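Here's the structure, in structure tokens; my notes come after.
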Amino acid sequence: MSVENDIEDKPQPLVEHLIELRKRLVWSLAAFFAGFLLCFAFARDLFNVLVLPYKWAVVWSGLDPDKMQLIYTAPQEFFFTQIKISLFGGLLLAFPIIAFQVYSFVAPGLYRNERSAFLPFLVASPILFIAGGAIVYFFLIPVVMMFFLGMQQAPEGGEVAISLLPKVSEYLSLIMSLVLAFGLVFQLPVVTTLLSRAGLVSAAWLAKQRKFAIVIAFIIAAVLTPPDPLSQLGLALPTVILYEVAIYAAKLVERRRKEQDGDAEETASPEDEV
């Protein structure tokens, strides 16, 4: 094994590891708390931003946006809704710092080539999460709310008026659950690539499990999304596409590993072969 692949840091006693872990946890909690306070200061504005997809759905449905309203039925409901927004936003803002703290704690136990391989995933993970959230915000939520708005009933022909009056807490729960679901699903290429680099899965095995993955994708979409076909397809189809991307990423990892093994064999000296 070359010197470059040797672990740079010497083994540390357990107490030093615990001190280092405490340090990383303190920084992570401090970042989360700072993000929480920042989001809580603008919680009402953040909620108004989250309501925009609902407003788009109202406009696309041909309804009057000035008559659009959300309600809360308990005195403390909107306050706790703002707390949830702040917690969620604080976690998102602090994620890069938390990820860096995790990497800083784990890095001393990794080889140099493992560190260089791990860093791209720290960048790809939040980007993919944001991409999943963007699909929810700009496409899925408006489509879902249009579906629910279409179920309203006008007071015509002696029929009782049935109107949609979403609660602020339930609307927030809907958009947060969908953002988390899509954000986690979009981590599929990252997870499978890491597993492939670790030798736990292969591209051939992933391809063999494709039919089961498609069924599981639709089952998960049915559980996590509202009971309408558009939102279920909106989650299931990207999941299937990302699974294919994961298979391709695994193939690239295996191809690169074969090239590195071939280069190692070519550069090996006769004494090493003996």
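Just so it is clear, the values below take in all heavy atoms, side chains as well, and ignore hydrogens, waters and symmetry mates. Remember, predicted model here, so these are calculated numbers, not experimental data.
A donor-acceptor contact shorter than 3.5 Å is absent between the side chain of Y54 and the backbone of L70. In this structure a side-chain-to-backbone donor-acceptor pair under 3.5 Å is missing from S196 to T192. Distance alone, capped at 3.5 Å, is enough to place a donor-acceptor pair between the Q152 side chain and the L164 backbone. Q101 contributes no side-chain N or O that, together with a main-chain N or O of L25, makes up a donor-acceptor pair within less than 3.5 Å. The closest donor-acceptor contact from the side chain of E77 to the backbone of T73 lies under 3.5 Å.
Smallest separation of non-hydrogen atoms from Q82 and F40: O-CD1, 4.3 Å. Taking both residues in full, the closest heavy atoms of P189 and L242 are given as CG-CD2, 3.9 Å, listed atom of the first, atom of the second, then distance. Nearest heavy-atom pair, V136 versus I175, reported as atom, atom and distance to 0.1 Å: CG1-O, 4.4 Å. Of all non-hydrogen atoms in V160 and Q153, the two that sit nearest each other are O-NE2, 2.6 Å. Closest non-hydrogen pair, W60 versus P142, comes out as CZ3-CB, 3.2 Å. Between I247 and A203, the shortest heavy-atom contact is O-CB, 3.9 Å.
Aromatic ring centroids of F95 and F129 lie 6.0 Å or more apart. Outside the 6.0 Å centre-distance limit, the rings of W27 and F105 are not counted as a close aromatic pair.
Considering CZ of F88 and SG of C39, their distance stands at 10.0 Å, rounded to 0.5 Å. Interatomic distance, L140 CG to L174 CG, rounded to the nearest 0.5 Å: 8.5 Å. Rounded to the nearest 0.5 angstrom, L165 CG and Q69 CD are separated by 5.0 Å.
Between F47 and F78, the angle of the ring planes goes over 60°, which puts this pair in the perpendicular group of the 30/60° scheme.
Not counting sequence neighbours, Y243 has no partner by the ring-ring contact (aromatic ring centres under 6.0 Å, His included) test.
Salt bridge annotation for E254-K258: absent, with no cationic side-chain nitrogen under 4.0 angstrom from a carboxylate oxygen.
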**OP:** Dump the intermediate steps for side chain to side chain contact (heavy atoms under 4.5 Å, CB included) on M68 and V51, then the final yes or no.
**Re:** CA-CA 10 Å; M68 165 188 159; V51 171; 3.1 Å; yes
**OP:** Just do the side chain to side chain contact (heavy atoms under 4.5 Å, CB included) check on L233 and F218 with the steps written out, would you?
**Re:** CA-CA 8 Å; L233 287 174; F218 277 91; 3.7 Å; yes
